[in-house]
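First comes the structure, then the notes that go with it.
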Amino acid sequence: MRFIIINRVINLCKKVLAKGTKSAAKIDFASPQILTREQHPISRKQLSANALKVMYRLNNNGFEAYLVGGGVRDILLGLQPKDFDIATNATPEQIKSLFRNCRLIGRRFRLAHIVFGREIIEVATFRGHHDSEGKKEKCQKVSKQSEHGMLLRDNIYGTIEEDAERRDFTINALYYSVADFKVYDFANGVKDIQDRTIQLIGDPETRYREDPVRMLRAIRFATKLDMSIAKATEKPIHELAPLLNNIPPARMFEEFNKMFLSGKATENFAQLRHYNLFEHFFPIVERTLNDESEPYLSALVAKALFNTDDRINRDKRVTPAFLFAVMLWYPLQTLAKRLREDTQLTPQDAFFAAYSEIMSEQQQSIAIPKRFQAVIKDIWMLQDKLSKREGKRAFKTLEHPKFRAGYDFLLLLAEVEQQNERSKLSELAKWWTDFQSSNFDTQQLMVKSVGKSGAPRRSTRKRRRTRTSSPKGTSTN
């Protein structure tokens with residue numbers, strides 16, 4: 001069905017595009033291609049009821065309102081959109097006055113979020129050009145760029161044509177109106193959908209400097225939509241990759257989730273490394289992968305990403321904490337080992353010292369929220385607890401709140417290290433698998449057998465003090 005829809009779009013769009021194709025280098029934003037209701041497959045039935053409600057209310061109050069970007073793009077590709085973003089000529093304050101359930105967010109880009117229970121409809125005012133006549137003086141107050149050309153604030157409002165030119169990729173400069181049911185294509189986005197090409201609007205180097213995250217978005221759209229990145233869009237990425245160092249760690253955490261928790265983690269990981277972008281997420285992991293000091297790291301990451309994609313595609317829960325634990329596990333082990341050798345720390349003290357140093361360095365790239373840091377720490381500490389099963393330890397470990405995450409992590413380690421003859425992880429993983437499925441009596445026998453087969457236990461019996469007899473007639477007091 002999906003391919004039927006795509007073919008229908010392609011055939012209908014060819015008729016429109018045949019009237020005159022604009023060059024990719026220079027686009028006339030004042031004359032968009034317009035697809036009438038008969039020329040596209042978008043129906044109001046495919047849209048969120050809340051998104052329709054927002055657009056109708058804006059229209060009824062004299063404002064323009066369009067479904068824009070991914071919502072339009074995905075339907076044209078035969079996909080079901082996850083988000084329904086709206087663009088309008090109403091200012092954020094005017095939007096807020098129309099919706100009691102509206103909150104204004106953002107400093108860099110002022111946006112309106114209209115909340116309907118768990119669904120949030122994002123509404124953005126049309127963006128304008130910084131150098132437009134009459135806006136230069138205003139720009140100094142509401143717009144600001146860094147020395148690298150990155151936009152720090154950008155609240156210049158304009159027309160729909162200016163907004164389309166300010167969009168990042170051609171396939172996102174598509175607008176659908178519920179007023180006339182037409183699709184407005186300002187940058188040949190329909191043709192690029194037809195050609196399955198990711199292409200930036202404007203000069204790629206300038207656009208990447210304005211927002212370096214666009215390099216990540218280019219990769220993410222290419223893997224998500226099974227498209228290729230246009231040569232001109234791809235060319236500056238290697239050179240401009242260091243600009244990601246200027247992105248706040250909190251925003252990099254958001255981008256990490258989009259790249260690795262969207263069902264395309266394996267492909268995104270490969271592309272990030274190809275374009276030298278992965279090191280800006282995990283610098284210590286990239287160094288370890290390059291010097292090959294940990295032979296199992298690559299296999300561990302690959303297996304974890306594959307499993308994560310599989311779980312997401314089967315609608316199962318995932319947590320970013322597990323992937324962080326995977327990425328940083330072997331660098332943690334390397335550092336802890338070095339600390340034990342250099343400082344004679346106990347294994348426990350070396351672990352905590354290594355944990356502190358690894359997390360401190362990682363936080364400079366990605367701001368991992370504390371709730372996930374706690375889970376990462378639990379997963380790592382459980383690896384030691386899982387290896388100690390004597391007495392009541394196994395039962396206490398089984399009751400740990402994060403036991404399942406620690407156990408899954410153990411299974412993963414056992415699988416990638418199964419060729420290591422010195423590794424006892426496969427045996428340990430099997431023991432815990434059997435232990436969980438056994439009844440209490442069997443579990444007790446399993447624990448006792450561990451004590452017998454393990455290292456000799458230190459005797460805890462107190463030695464009797466031998467009492468020497470005193471000579472007769474003498475006191476011992």
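Using a 4.5 Å heavy-atom threshold, the side chains of Ile42 and Val183 count as touching. When side chains are defined from C-beta on, Ser48 counts as touching Ile121, because their heavy atoms get closer than 4.5 Å. Annotation: side chain of Pro249 is not in contact with side chain of Gln363 (no heavy-atom distance under 4.5 Å). Under the 4.5 Å side-chain criterion, counting only non-hydrogen atoms from C-beta, Leu240 is not in contact with Pro212. With a 4.5 Å cut-off on side-chain heavy atoms, Phe84 and Glu122 do not count as touching. Inter-residue side-chain proximity for Tyr407 and Thr433 is flagged as met; some heavy-atom pair is nearer than 4.5 Å. Counting only heavy atoms from C-beta outward, the side chains of Leu225 and Arg73 approach each other to under 4.5 Å.
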Apply salt bridge (Lys or Arg N to Asp or Glu O under 4.0 Å) to the pair Arg207 and Asp211, showing each step before the final yes or no.
-> CA-CA 6 Å; Arg207 302 313 302 276; Asp211 186 1; over 6 Å; no
Step-by-step side chain to side chain donor-acceptor pair (under 3.5 Å) determination, Asp163 to Tyr157 | CA-CA 8 Å; Asp163 187 75; Tyr157 306 132; over 6 Å; no
Dump the intermediate steps for side chain to side chain donor-acceptor pair (under 3.5 Å) on Arg273 and Asn290, then the final yes or no.
-> CA-CA 11 Å; Arg273 294 208 70 205; Asn290 288 335; 3.1 Å; yes
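Every residue two or more places apart in sequence or in another chain that forms a side chain to side chain donor-acceptor pair (under 3.5 Å) with Asp195 is listed here: Lys191. Considering only residues two or more places apart in sequence or on other chains, Phe282 meets the ring-ring contact (aromatic ring centres under 6.0 Å, His included) condition with Phe256, Phe278, Phe324. Arg44 is linked by a salt bridge (charged side-chain N to carboxylate O under 4.0 Å, His left out) to nothing, counting only residues two or more places apart in sequence or in another chain. When the side-chain contact (heavy atoms from CB on, under 4.5 Å) test is applied to Ser356, no partner is found at least two apart in sequence or on another chain. In this structure, the salt bridge (charged side-chain N to carboxylate O under 4.0 Å, His left out) partners of Asp74, at least two apart in sequence or on a different chain, are Lys224. For Phe169, the ring-ring contact (aromatic ring centres under 6.0 Å, His included) partners are Phe221, not counting sequence neighbours.
Across all non-hydrogen atoms, the minimal contact from Met327 to Leu297 is O-CD1, 3.9 Å. Nearest heavy-atom pair, Ala429 versus Leu410, reported as atom, atom and distance to 0.1 Å: CA-CD2, 3.9 Å. Among all heavy-atom pairs drawn from Val115 and Asn101, the shortest one is O-ND2, 2.7 Å. For the residue pair Thr125 and Ala90, the shortest heavy atom distance occurs at OG1-O, 2.7 Å.
Atoms CZ and CZ, on Arg220 and Phe260 in that order, are 12.0 Å from each other to the nearest 0.5 Å.
Sorted by first and then second residue, the salt bridge (charged side-chain N to carboxylate O under 4.0 Å, His left out) pairs involving residues 361-376 (not counting sequence neighbours) are Arg287-Glu361. Under the side chain to side chain donor-acceptor pair (under 3.5 Å) criterion, the residue pairs touching residues 325-335 are Glu294-Thr334, Tyr330-Glu417, with sequence neighbours excluded. The salt bridge (charged side-chain N to carboxylate O under 4.0 Å, His left out) analysis of residues 256-268, with sequence neighbours excluded, yields the pairs Glu255-Lys258, Lys264-Glu267. Residue pairs satisfying the salt bridge (charged side-chain N to carboxylate O under 4.0 Å, His left out) criterion with at least one member in residues 314-335, sequence neighbours excluded, are listed as follows: Asp310-Arg314. Residue pairs meeting the side chain to side chain donor-acceptor pair (under 3.5 Å) criterion with at least one member in residues 78-93, sequence neighbours excluded: Thr91-Gln94. The salt bridge (charged side-chain N to carboxylate O under 4.0 Å, His left out) analysis of residues 239-248, with sequence neighbours excluded, yields no pairs.
Proximity of the aromatic rings of Tyr176 and Tyr66 is defined here by a centroid distance below 6.0 angstrom, and this criterion is not met.
Checking Asp192, Asp168, Asn188, Thr170 one by one against Gln199, the side-chain hydrogen bond (donor to acceptor under 3.5 Å, both in side chains) holds for a single residue, Asp192.
Within 6.0 Å of CZ on Phe306 lie no more than 12 heavy atoms contributed by other residues, nucleotides or ligands. Within a 6.0 Å radius of NZ in Lys96, more than 12 heavy atoms belonging to other residues, nucleotides or ligands are found.
Note on Arg127 versus Glu162: no salt bridge recorded, every NZ/NE/NH1/NH2 to OD/OE distance being 4.0 Å or above.
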